[in-house]
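Before anything else, here's the structure in question.
All residue numbers refer to positions in the sequence shown, counting from 1.
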Amino acid sequence: MRTELKFVIDDVFPAWCNRAAFVFRSVFSERAEVLGLNWAEGVILLKMSAGHNTLADLSRHLEHSHPAILRHIDKLEELGFVERTAHPDDRRVKILVMTDKGHQTTKALQDMARSYSKEIEEKFGRDRVAAATALLKDIVAEYSNIDFMGCPKGKEE
């Protein structure tokens, strides 16, 4: 007699991480909409403010293809948030530079992200959020190389 194993996706931790990420992206997009941005465009500006200024670098750190990031860059340029400039050493590469409008918008995004983070801490407790963050950093570190997708290692080896 054969026993069938029943697998329920909602019983596994990665499924809940994926669901939580969807909620975070949705809330971020909803709040960034007042700035005329969606989640991806907002995150691109936040990554640019951290020094990521080429299409290849943004693609690597945001887990999106070059064409997908390029579409968002086109929109950000059209909205006046970024400009493309020539790379000093490689004419095939464009350096993305934030405009004054882009810097102002990024400041508003940073404030929004801090506020959202504080809201989560108030709802669920600072210690629980810190523990969850530490666990997720450890998972990323365990299953990846150092600085995988821009994520700091969760533990020192």
Side-chain angles (χ1 to χ4, degrees), residues 7-117 119-120 129 132-157:
F7 178 79
V8 178
I9 189 70
D10 288 341
D11 290 344
V12 297
F13 180 72
W16 285 102
C17 289
N18 187 54
R19 211 175 257 183
F22 175 80
V23 169
F24 296 144
R25 284 190 305 270
S26 297
V27 171
F28 184 98
S29 285
E30 183 179 295
R31 294 179 185 186
E33 192 175 329
V34 299
L35 300 169
L37 302 170
N38 64 27
W39 173 83
E41 294 149 1
V43 172
I44 286 170
L45 288 177
L46 291 171
K47 285 290 189 179
M48 285 180 65
S49 73
H52 303 284
N53 64 357
T54 66
L55 179 61
D57 193 28
L58 288 167
S59 294
R60 183 174 58 256
H61 284 272
L62 295 175
E63 301 180 38
H64 289 299
S65 66
H66 283 203
I69 295 294
L70 188 57
R71 282 191 300 276
H72 294 298
I73 296 297
D74 289 343
K75 182 178 176 196
L76 290 170
E77 188 174 37
E78 182 181 307
L79 292 170
F81 295 128
V82 300
E83 295 175 345
R84 297 171 220 230
T85 61
H87 189 284
D89 301 323
D90 187 345
R91 66 182 186 163
R92 297 169 298 170
V93 177
K94 297 290 183 193
I95 301 293
L96 302 169
V97 178
M98 228 182 287
T99 63
D100 288 341
K101 182 179 179 182
H103 283 291
Q104 291 171 355
T105 302
T106 301
K107 169 88 170 79
L109 284 168
Q110 291 168 339
D111 292 344
M112 184 266 297
R114 278 190 205 96
S115 174
Y116 184 33
S117 204
E119 177 184 320
I120 291 169
V129 171
T133 301
L135 174 61
L136 292 172
K137 285 181 176 182
D138 285 347
I139 290 169
V140 169
E142 183 67 27
Y143 290 95
S144 65
N145 297 322
I146 296 172
D147 194 34
F148 175 72
M149 303 309 267
C151 298
K153 274 190 73 93
K155 59 186 176 186
E156 294 300 316
E157 305 218 7

Taking all atoms of both residues into account, what is the closest heavy-atom pair of F28 and L109, and its distance?
CZ-CD2, 4.0 Å
Between F24 and Y116, how do the two ring planes meet: parallel, tilted or perpendicular, split at 30° and 60°?
perpendicular
Pairs flagged by salt bridge (charged side-chain N to carboxylate O under 4.0 Å, His left out) wherever residues 92-110 is involved - sequence neighbours left out
D90-R92, K107-D111
For residues 67-75, which side-chain donor-acceptor pairs fall under 3.5 Å, sequence neighbours excluded?
{"residue": "D74", "atom": "OD1", "partner": "R84", "partner atom": "NH2", "Å": "2.3"}
{"residue": "K75", "atom": "NZ", "partner": "G36", "partner atom": "O", "Å": "3.4"}
{"residue": "K75", "atom": "NZ", "partner": "E41", "partner atom": "OE1", "Å": "3.3"}

So which pairs with a foot in residues 26-35 pass side-chain hydrogen bond (donor to acceptor under 3.5 Å, both in side chains), sequence neighbours left out?
R31-E119
Looking at K47 and D57, is any side-chain nitrogen of the basic one under 4.0 Å from a carboxylate oxygen of the acidic one?
no
When every non-hydrogen atom of T99 is compared with those of G80, the smallest separation belongs to OG1-O, 2.5 Å
Pair V82-M48, side-chain contact (heavy atoms from CB on, under 4.5 Å): steps then yes or no:
CA-CA 10 Å; V82 300; M48 285 180 65; 3.6 Å; yes
Of all heavy-atom pairs linking F81 and L45, the shortest is CB-CD2, 4.2 Å
Do V43 and R25 come close enough that some side-chain heavy atom pair is under 4.5 Å?
no
Any side-chain heavy atom of S59 within less than 4.5 Å of one from L55?
yes
Atom CD1 in I44, atom CG in L37: separation rounded to 0.5 Å?
9.5 Å
With a 4.5 Å heavy-atom cut-off, do N53 and V97 have their side chains touching?
no
4.5 Å side-chain heavy-atom contact, I139 and E142
no
Hey, does L96 have a side-chain heavy atom less than 4.5 Å from the side chain of L58?
yes
Student check: side-chain heavy atoms of L135 and F13 closer than 4.5 Å:
yes
Between T105 and G102 (side chain of the first, backbone of the second, donor and acceptor by atom type, cut-off under 3.5 Å), is there such a pair?
no
Nearest-0.5 Å distance, CH2 of residue W16 to CG of residue D11:
9.5 Å
Any donor-acceptor pair under 3.5 Å from T54 side chain to I95 backbone:
no
